[in-house]
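Inspection log for the structure reproduced underneath, given as structure tokens.
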There are 4 protein chains.
Amino acid sequence: MARSQQDRPPRRQEWATRTARDRTDAPARGRLLDAAEQVFARLGYGPATIADITAQAEVSRAGFYVYFASKEEVFRVLAGRVRDAFLTAQDVPGVDTDDVAAVARASTAAFIAAYARHLPLLVLLEQQARGDAEVRALWEEIRERPVRRAARYVRRVAAEGRAHPVVDPLTLSRAVGGMSIEFARLVAERPATYERAVADATAMYLHLLGIGAAPQQ
Amino acid sequence: MARSQQDRPPRRQEWATRTARDRTDAPARGRLLDAAEQVFARLGYGPATIADITAQAEVSRAGFYVYFASKEEVFRVLAGRVRDAFLTAQDVPGVDTDDVAAVARASTAAFIAAYARHLPLLVLLEQQARGDAEVRALWEEIRERPVRRAARYVRRVAAEGRAHPVVDPLTLSRAVGGMSIEFARLVAERPATYERAVADATAMYLHLLGIGAAPQQ
Amino acid sequence: MARSQQDRPPRRQEWATRTARDRTDAPARGRLLDAAEQVFARLGYGPATIADITAQAEVSRAGFYVYFASKEEVFRVLAGRVRDAFLTAQDVPGVDTDDVAAVARASTAAFIAAYARHLPLLVLLEQQARGDAEVRALWEEIRERPVRRAARYVRRVAAEGRAHPVVDPLTLSRAVGGMSIEFARLVAERPATYERAVADATAMYLHLLGIGAAPQQ
Amino acid sequence: MARSQQDRPPRRQEWATRTARDRTDAPARGRLLDAAEQVFARLGYGPATIADITAQAEVSRAGFYVYFASKEEVFRVLAGRVRDAFLTAQDVPGVDTDDVAAVARASTAAFIAAYARHLPLLVLLEQQARGDAEVRALWEEIRERPVRRAARYVRRVAAEGRAHPVVDPLTLSRAVGGMSIEFARLVAERPATYERAVADATAMYLHLLGIGAAPQQ
DNA sequence: AATGAATGAGGCTTCATTCAT
DNA sequence: GATGAATGAAGCCTCATTCAT
């Protein structure tokens with residue numbers, strides 16, 4: 001499952017024969033995607049109808065099919081967008097890799113922020129992963145990639161003796177992922193709790209890494 | 001004689017005689033509930049149809065409405081059942097309250113086991129909580145009750161100086177809840193990992209409580 | 001179409017074999033009939049359900065079929081009851097047949113009172129007459145009998161030179177019937193208008209008979 | 001893909017794009033209306049089904065919902081049409097207002113003709129007025145407008161001393177309306193009786209107005 | 001590129017009615 | 001005589017999707 005997710009791969013180099021379905025830039029297409037995102041977030045997948053989406057996008061019902069083959073397809077495209085946005089948000093450049101605490105804080109903050117921001121769609125993604133193999137692949141990427149990356153980092157700093165994880169790195173990363181999701185939910189409900197959540201999650205993360213962040217900060 | 005039906009003004013609800021709808025026993029009702037649970041777990045809420053449920057229960061389509069008013073209603077009843085089963089499973093009697101490690105292990109084990117066992121319905125419950133106030137109440141009970149109970153315990157042992165939580169008890173409990181859910185998902189996929197998951201989760205739980213062999217920095 | 005209207009004629013003289021369906025006196029049967037009358041009057045024919053009727057009668061749904069074969073059948077029985085009551089109410093004994101004005105007044109009063117009293121069912125009867133031959137027969141009796149009787153009387157008094165009808169007796173009677181129904185509707189809505197309505201209808205009746213009731217009474 | 005439909009929370013009604021539902025022309029809409037009129041007239045309201053209507057209109061079942069939201073709605077639209085046609089038919093221009101007899105004859109003829117012509121729908125309208133406020137309003141207009149208009153005219157000619165009504169003008173008009181309806185029913189059954197009916201009704205009308213050769217007592 | 005119109009397919013419910021107890 | 005339970009038959013309505021323009 002590569003990066004650029006679209007039903008038929010965008011054959012950008014060809015001239016002349018180029019149908020609407022291929023044009024990723026048509027303005028109506030973008031409006032439909034945004035509309036779909038809002039509608040799905042508001043109603044959930046099942047209850048959302050093509051009519052809801054086209055109404056929101058101010059496009060005729062038939063207009064939908066100029067750009068997407070079906071409800072499933074918009075959702076897949078949307079899912080790809082979410083995955084990209086979510087994973088990209090995990091890239092936190094400019095952090096001193098040697099400062100474990102700083103890395104922990106930055107990655108935790110990025111994860112919680114991204115998860116909270118995309119919560120509605122992520123929840124649907126998880127739900128739809130059940131019945132759609134392509135969506136499942138996207139969902140697994142979303143779930144696994146940050147965990148594996150974190151595990152890799154933990155393994156390294158542990159090997160360097162700069163951390164003493166309580167459990168094996170992959171398990172620890174999963175656990176921290178799980179707790180971060182929990183915090184992300186809270187943050188999605190009450191954005192003001194973001195700083196506090198990041199601080200707490202980071203503190204626990206570091207503690208589990210065996211790095212002495214003093215309890216009761 | 002089917003011609004002259006419907007067309008009735010909106011006024012309704014005049015049951016004088018008791019109907020089967022009130023009976024909570026009745027074998028068919030149980031069969032329908034079990035069938036509904038399986039069907040929902042297999043297909044998800046939206047895609048599941050009354051026909052799927054009645055077919056599974058070996059009852060006529062109309063038979064469904066003898067006991068439930070709608071798909072929503074079966075789901076609510078089912079949700080209540082799941083909440084009861086889930087919360088009941090958290091009662092782990094016969095554990096020495098003074099042995100913090102034992103309590104942590106027992107409650108973690110119970111939580112993970114129960115969550116893994118009911119995972120499919122719990123996921124749907126969360127999903128449906130979005131649009132149904134009654135289901136939302138059930139879902140919140142499921143989410144909050146174990147966390148609050150754990151927080152209460154943590155607060156007590158912390159007050160007694162037998163634990164030194166890294167963060168405040170409620171936050172800690174939420175975090176542990178989140179990580180446990182993560183493990184429960186893994187266990188639901190591969191039941192063989194249950195013991196390992198419980199051991200790891202317990203270890204981290206205790207570590208966050210400031211108990212156990214703190215790895216030296 | 002004889003007087004005692006029931007689906008199967010009441011074989012009252014037989015002993016021994018007598019099924020519930022034959023017993024016209026069973027208390028539940030009466031309750032069901034009364035209930036049916038109320039329910040039909042309240043909801044109309046189509047929207048009324050067997051469940052509505054049995055609920056009102058405080059009988060189980062199945063209990064209905066002990067006494068009636070179908071919704072159509074109760075309605076027919078009810079229709080027979082209404083016809084009997086309506087026609088019986090037209091018999092105004094003890095009026096001096098020679099006093100044309102007195103007869104006109106008495107018959108008009110009886111007709112308006114009876115029509116107003118049974119208005120809801122009469123309206124349904126007319127409606128159902130469309131699709132049910134048996135009901136149609138009842139309805140025609142209800143409509144025609146009073147008119148024919150009146151026409152007979154008019155013809156007689158006209159022959160005796162005691163009246164000088166503006167149009168032929170049957171037509172006149174129909175017309176008076178039509179206007180009386182109009183008044184009956186008003187009376188059904190506002191019972192207090194009964195006396196006034198009878199006075200007006202009688203005045204017009206007599207006037208059309210060419211009998212000098214002074215205008216502007 | 002039919003699995004994932006319905007299940008939508010009660011919030012609705014978000015048409016941004018204009019749909020066919022708004023267009024009062026559109027040939028299919030007219031066909032459906034005509035079909036509905038025939039079907040309702042033939043079967044009555046309750047027994048008529050959307051399938052009957054669409055079959056008659058040679059439109060798919062779903063096609064109905066492109067133009068109407070429900071059976072109730074077509075009926076309402078139809079009722080409006082009938083009211084318009086019926087009331088318009090009462091406008092009899094070009095009659096010398098000073099010739100009371102001519103006016104009486106013209107208005108009686110128009111009323112009987114229009115009532116007979118629309119009898120099947122008018123009967124249903126009365127029936128449905130019971131349960132639908134909008135239909136009730138239409139029905140009352142149909143019933144009251146001609147009566148009030150007639151009463152106004154009677155009042156005027158009475159004030160001018162050109163008529164000597166037996167009862168007060170409104171009551172008289174109602175009565176004449178009632179008798180005219182009676183005649184309209186006969187005419188609807190046997191159109192050949194129209195002329196006779198109009199002549200008779202007019203004669204009685206004028207007589208009640210105290211006009212014409214009063215039969216001597 | 002866009003859309004108004006139309007429809008096949010399918011799900012939900014209701015109700016009259018039967019039947020074993 | 002009465003009824004709880006169950007069901008066949010039907011009607012309503014929605015929605016994704018197509019197609020001619």
Side-chain angles (χ1 to χ4, degrees), chain A residues 19-21 23 26-29 48-52 54 59-72, chain B residues 1-8 12 17-23 26-29 46-52 54 59-72, chain C residues 19-21 23 26-29 48-52 54 59-72, chain D residues 1-8 12 17-23 26-29 46-52 54 59-72:
Chain A
T19 81
R21 202 96 130 232
R23 298 192 54 197
R29 189 178 189 275
T49 70
I50 304 292
D52 290 324
T54 53
V59 165
S60 75
R61 285 247 279 296
F64 176 87
Y65 295 91
V66 173
Y67 297 103
F68 305 100
S70 64
K71 190 170 149 182
E72 273 100 340
Chain B
M1 197 72 346
R3 269 282 147 126
S4 49
Q5 278 165 244
Q6 66 283 100
D7 303 328
R8 158 199 292 274
R12 283 284 171 126
T17 31
R18 220 62 58 227
T19 78
R21 207 107 129 207
D22 301 324
R23 299 191 53 194
R29 189 177 190 273
T49 70
I50 305 291
D52 291 325
T54 52
V59 163
S60 73
R61 287 251 278 292
F64 176 87
Y65 295 93
V66 172
Y67 296 101
F68 306 101
S70 64
K71 192 168 137 181
E72 265 131 359
Chain C
T19 81
R21 203 92 131 236
R23 297 191 56 199
R29 189 176 188 276
T49 69
I50 303 291
D52 291 324
T54 52
V59 165
S60 76
R61 285 249 277 297
F64 176 87
Y65 295 92
V66 172
Y67 297 103
F68 305 99
S70 65
K71 190 170 148 181
E72 274 99 340
Chain D
M1 194 76 342
R3 269 282 145 127
S4 47
Q5 280 165 243
Q6 63 286 99
D7 303 330
R8 156 200 294 272
R12 284 283 170 127
T17 31
R18 220 62 57 228
T19 78
R21 206 107 128 210
D22 300 324
R23 299 190 55 195
R29 188 177 191 273
T49 71
I50 306 291
D52 291 326
T54 53
V59 164
S60 74
R61 288 250 278 289
F64 176 86
Y65 296 94
V66 172
Y67 297 100
F68 306 100
S70 63
K71 191 169 135 179
E72 265 132 359

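Not measured: the values here are computed from a predicted model. All chains are named by letter (A, B, ...) in the order of the sequence lines, taking the proteins before the strands, and each is independently numbered beginning at 1.
We find that CG of Asp52(B) is positioned 12 Å from C1' of dG10(E), with the value rounded to whole Å. Atom CD1 of Ile50(A) and atom P of dA16(F) are 5 Å apart (whole Å). With rounding to whole Å, Tyr67(C) atom OH is found 7 Å from dG1(F) atom P. With rounding to whole Å, Glu72(C) atom CD is found 13 Å from dC15(E) atom C1'. For the pair Phe68(A) CZ and dC15(F) P, the computed distance is 20 Å after rounding to whole Å. Atom CZ in Arg61(A) sits about 12 Å away from atom C1' in dT7(E), given to the nearest Å. Note: NZ (Lys71(C)) to P (dA10(F)) measures 16 Å, nearest angstrom.
In plain terms, the two heavy atoms of Ser70(D) and Phe64(D) that are nearest each other are O-CZ, 3.6 Å. Scanning both residues, Lys71(D) and Ala48(D), for their nearest heavy atoms gives NZ-O, 2.7 Å.
Checking Ala69(D) against Val59(B), the closest nucleotide of DNA chain F that is more toward the 5' end is the one next to Val59(B). Where Phe64(D) and Ala62(A) each meet DNA chain E at their nearest nucleotide, the meeting point lying more 5' is that of Ala62(A).
Here dT21(E) sits opposite dA2(F) as a Watson-Crick or G-U wobble pair (both hydrogen-bonding atom distances under 3.5 Å). Nucleotide dG10(E) has dC13(F) as its partner under the Watson-Crick or G-U criteria, with both atom distances under 3.5 Å.
An OP1 or OP2 oxygen of dA2(F) is reached within less than 4.0 angstrom by no side-chain nitrogen or oxygen of Tyr65(C).
Side-chain atoms of Tyr65(B) and Ile50(B), non-hydrogen and from C-beta on, do get closer than 4.5 Å to each other.
Checked against dC12(E), dA2(F), dT3(E), the side chain of Thr49(B) finds its nearest nucleotide in dC12(E). Taking only side-chain atoms of Ala28(C), from C-beta outward, the nucleotide of dG4(E), dC13(F), dA2(F) with the closest atom is dA2(F).
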